[in-house]
2 protein chains.
Amino acid sequence: MKQESRPQTKKEIRLENERIILEAAEKVFSEAGFGGATMQLIADVAGLPKANLHYYFPTKESLYRKVVHEIFNVWLLAADSFDSASGPAEGIGNYIDAKLEISRTHPAGSRVWATEVMHRAPVIQDYLESTLVEWTDSRIEVLEGWIEAGLMDPIDPRHLLYMIWATTQHYADFGHQIETLNHAKPLSDEQWDAVKKDVKRIILKGIGVSVADIADPRNAQ
Amino acid sequence: MKQESRPQTKKEIRLENERIILEAAEKVFSEAGFGGATMQLIADVAGLPKANLHYYFPTKESLYRKVVHEIFNVWLLAADSFDSASGPAEGIGNYIDAKLEISRTHPAGSRVWATEVMHRAPVIQDYLESTLVEWTDSRIEVLEGWIEAGLMDPIDPRHLLYMIWATTQHYADFGHQIETLNHAKPLSDEQWDAVKKDVKRIILKGIGVSVADIADPRNAQ
DNA sequence: CATTTTCTTGACCGCTTGGTCAAGATGGCT
DNA sequence: AGCCATCTTGACCAAGCGGTCAAGAAAATG
């Protein structure tokens with residue numbers, strides 16, 4: 001995983017090694033969990049001696065914490081689709097597309113996050129209570145506005161958000177199961193497109209947003 | 001966790017201790033993952049000496065395997081709702097109810113399963129490839145039959161199944177996150193009922209099954 | 001009651017773990 | 001060049017791990 005070793009400045013060395021270590025750590029943590037992962041294995045994947053990891057990240061937990069925080073930021077970025085939208089067809093549709101795209105390109109990160117939350121979030125509980133609560137409350141307001149404007153059915157916005165999170169992240173977290181059920185092959189580009197189409201169709205139609213709006217090319221991305 | 005110790009037959013002792021150990025193991029595995037769990041901690045939760053665990057379950061992996069297999073059977077039972085149904089409103093509606101009920105009463109088991117699959121199913125891959133594939137293929141046939149009969153929209157049955165699995169299991173696997181977003185309180189009975197109602201409503205309406213059918217008291221359970 | 005089988009348990013073992021350290025290598029700076 | 005700060009690494013350590021074992025307690029058997 002380590003690249004060529006031509007002379008570098010100290011800053012470059014630091015940044016590159018931190019990146020190498022974080023990528024290796026994300027991969028190993030996602031495959032083995034915090035407890036099952038070992039610093040030795042992360043070091044092997046990174047192509048560095050174990051002692052070098054402890055030079056950049058003093059403890060296993062500090063390394064893990066950094067990995068989880070990086071993922072958290074990726075999650076939040078997907079919310080942009082929501083904010084700039086004029087209505088549910090566009091806003092929710094784009095949000096589903098963005099979250100499914102993250103599941104496709106960043107599955108390891110999604111699995112680390114899922115494991116962390118399933119284990120009662122020992123490392124990032126403060127983030128759940130502050131940032132996530134604020135984010136959720138603000139989107140709920142948007143959804144409630146759309147409901148009051150008659151743009152979608154009056155369902156509990158939380159139940160809708162949970163369904164979107166669950167379904168989109170499922171394709172990352174349970175990717176192995178999906179792959180097994182797909183004749184042991186990863187989803188093709190065409191299959192991913194079909195997933196996006198069906199997920200948007202079921203959810204949008206399910207909350208009373210007409211399918212015509214979905215098919216509208218203005219809302220394609 | 002160990003109950004009173006009045007005289008018992010060998011058979012009773014064996015059954016009771018296996019049960020105590022399995023329940024403790026499910027709890028500990030679900031909170032720490034396979035790697036993070038320790039036999040000592042399971043022993044402490046069970047209220048038995050560690051050596052006693054190894055008398056009933058020779059290795060940590062054999063204990064874990066038993067826990068996962070038990071959960072797998074619970075999952076399969078929920079499928080009964082599917083088979084005895086006359087159409088999608090009843091079949092899918094009851095299936096969603098059954099799976100949400102498992103998430104409510106058996107969240108630890110769901111989390112162990114999720115962790116196992118996320119880590120590429122090192123222990124139960126054979127089950128995925130045999131039993132799960134067969135189960136899925138057979139339900140897909142049922143769904144395709146309903147589609148051909150015009151009882152629901154022509155969507156890929158896999159995408160529907162994944163959405164149901166993802167959404168229902170989310171309430172167990174991410175229960176901690178949901179609780180945090182619910183003002184740090186577990187969902188009340190009324191909230192669980194509302195979840196069941198909304199999830200069924202969105203999904204059934206989303207696949208073109210009329211809501212009137214859902215409200216039909218004949219389909220209530 | 002005597003004997004056998006099953007169950008219980010503290011002590012123990014080899015091994016791996018996260019983490020330390022000190023000596024050396026390398027780039028930065030004047 | 002020479003000195004300092006940063007980076008690298010093999011060797012090492014205490015702690016905790018999964019698993020073993022042998023001796024004793026308790027139930028089954030006849």
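These numbers were taken from a predicted model, which means no experiment stands behind them. Naming convention: chains lettered A, B, ... in sequence-line order (proteins, then strands); numbering from 1 in each chain.
B:Phe34 has its CZ atom 14 Å from the P atom of D:dC17, to the nearest Å. Taking atom CG of residue B:Leu53 and atom C1' of nucleotide D:dT20, one finds them 14 Å apart after rounding to whole Å.
For A:Ala51, taking side-chain heavy atoms from C-beta onward, the closest of the listed nucleotides C:dT6, C:dT20, D:dC7 is C:dT20. Side-chain atoms of B:Lys10 lie closest to C:dC7 of the nucleotides C:dG10, C:dC7, D:dG19.
For B:Tyr55, a side-chain nitrogen or oxygen approaches OP1 or OP2 of C:dC7 to under 4.0 Å.
Taking B:Glu26 as the reference, nothing meets the side chain to side chain donor-acceptor pair (under 3.5 Å) condition, with sequence neighbours excluded.
Annotation: proximity of residues 57-70 of chain B to DNA chain D (heavy atom, distance under 4.0 Å) is found for B:Thr59, B:Lys60, numbered in ascending order.
Backbone-only engagement by A:Ala37 is indicated by non-hydrogen atom pairs under 4.0 Å involving sugar-phosphate atoms exclusively.
In summary, of the residues considered (A:Val142, A:Asp97, A:Ile164), a side-chain contact (heavy atoms from CB on, under 4.5 Å) with A:Ile92 occurs for A:Ile164 alone.
Taking the six-membered ring for Trp and thresholds of 30 and 60 degrees, B:Tyr127 and B:His69 have nearly parallel ring planes, at less than 30 degrees apart.
Two residues are said to be in side-chain contact when any heavy atoms from C-beta on lie closer than 4.5 Å; A:Leu187 and A:Tyr171 meet this criterion.
Using a cut-off of 4.0 Å between Lys/Arg side-chain N and Asp/Glu carboxylate O, A:Arg111 and A:Glu31 are scored as not salt-bridged.
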